[in-house]
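Here is the structure we will look at.
Order of appearance sets the numbers: ligands from 1, and atoms from 1 within every ligand.
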Amino acid sequence: MLIDNHGRPINYLRLAVTDRCNLRCFYCMPQEGIQFLPKPHLLTYEEMLRVCSIFAELGVSKVRITGGEPFVRKDIMPFIRKLSEIEHINKINLTTNGVLTAPFVPELKQLGIHSVNLSLDTLDKDKFFAITRRNEFDLVWKTFESLLTHQIPVKINTVVMANKNIEDILPMVALSKELDVAVRFIEEMPFNGEGRRNEADSQWNFPKILAYIQKEYPDIQKVEDEPNSTSYNYKIPGFKGSIGIIAAYSRTFCGTCNRVRLTPTGGFRTCLYGEEVLNIKDLIREGYENEYIQDKIISSISKRAKNGFEAEQNRSNQINESMTTIGG
Ligand code: SAM
């Protein structure tokens, strides 16, 4: 079992399989001019499977496939199938924008995908276009319906942004009335490719989001959070689903963080807010054996920042990357 220098067990790997995306969400990347990487810079599927086995041997049992948008990478399903066959990896989760996902839902069910996080910031088609700069709401909705039909647990991720989707908070909450879905509101982070974060958005932190929901639903109740949960979770009496709030910018959950990340180029990050601490693709391509790579991983984990603030402070440069290059 991997344990970091602060006594936190690490058993969860977030794997960004591509930096490409078919949406252009303004809080994630600029509309134009984003430089996607040439394919040779990305880990191949074979390399990713090797890295996952290396982590599995070190005690990682849960992998989340993310990106970029996982379904824009060709042949993602055979990769997921092979990943599901790796010994000790017993939970595979997926984060997707849902645009291309619907046709693959039956196979995801068959592969035993544990749950899917679907990113959706509004239920209004025009606003969807304004936020994502693409007119794809209907396809995302199709994916949502298919996930429900196939009884794959769904969590909806909604980034909360002042002057953009505040009036969508209550309709998103209402979605959990008749449907067994976890709707989670995320504080906006500065990973938009420019490092800036709108001052007004900073105000929409966890307490403010909760207070806003409480005003409409004063009897909303706190429920117990799962271990290592990044969301604070709530139930509204009579509602089938649940509500969560992720204090991603306030960073109040670092104390129980059990996750590490691999970027599409093989960069190993021990904190979302920190820099790459090791490049595993380089080690693989330089011909190092698994044991050597494992030693390097263990060594990086023994120098992990205590929290996202310390990780940010330790950076050699300011945050200016897009979430699509890290894997949100
Ligand atoms: N393409 C997939 C998707 O849209 O779910 C996976 C990658 S996306 C980068 C993962 C998550 O990161 C999405 O839920 C997205 O909303 C979130 N995200 C991206 N940029 C963010 C930001 N600046 N602040 C908060 N969340 C962000």
Are Y45 and I92 connected into the same hydrophobic cluster when the rule is that any two of I, L, V, M, F, W, Y join if their side-chain heavy atoms are below 4.5 Å apart?
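Looking at the clustering, Y45 is in the same group as I92.
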Under the rule for side-chain contact (heavy atoms from CB on, under 4.5 Å), what residues qualify as partners of I152, not counting sequence neighbours?
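Partners of I152 by the side-chain contact (heavy atoms from CB on, under 4.5 Å) criterion, ordered by chain and then number, come out as V105, L108, K109, V116, L147, H150.
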Could you list all the side chain to side chain donor-acceptor pair (under 3.5 Å) pairs where at least one residue sits in residues 215-225, not counting sequence neighbours?
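Side chain to side chain donor-acceptor pair (under 3.5 Å) check on residues 215-225 returns K222-D225, D225-N233.
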Among Ile, Leu, Val, Met, Phe, Trp and Tyr joined by side-chain contacts under 4.5 Å, find the other residues sharing a cluster with I3 and list them by chain and number.
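M1, which link up through side-chain heavy atoms under 4.5 Å apart, make up the rest of the cluster.
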Atom-level proximity to ligand 1, residues with heavy atom under 4.0 Å:
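Ligand 1 pocket, heavy atoms under 4.0 Å: Y27, C28, T66, G67, G68, E69, T95, T96, N97, S119, N157, V159, E187, E188, M189, F191, M323, G328.
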For ring-ring contact (aromatic ring centres under 6.0 Å, His included), just list the numbers for F185 and W204, CA-CA rounded to whole Å, side-chain angles, deciding distance to a tenth of an Å, and then say yes or no.
CA-CA 10 Å; F185 297 98; W204 281 93; 10.0 Å; no
May I have the step-by-step check of ring-ring contact (aromatic ring centres under 6.0 Å, His included) for F104 and F71, ending in yes or no?
CA-CA 9 Å; F104 302 104; F71 289 92; 5.3 Å; yes
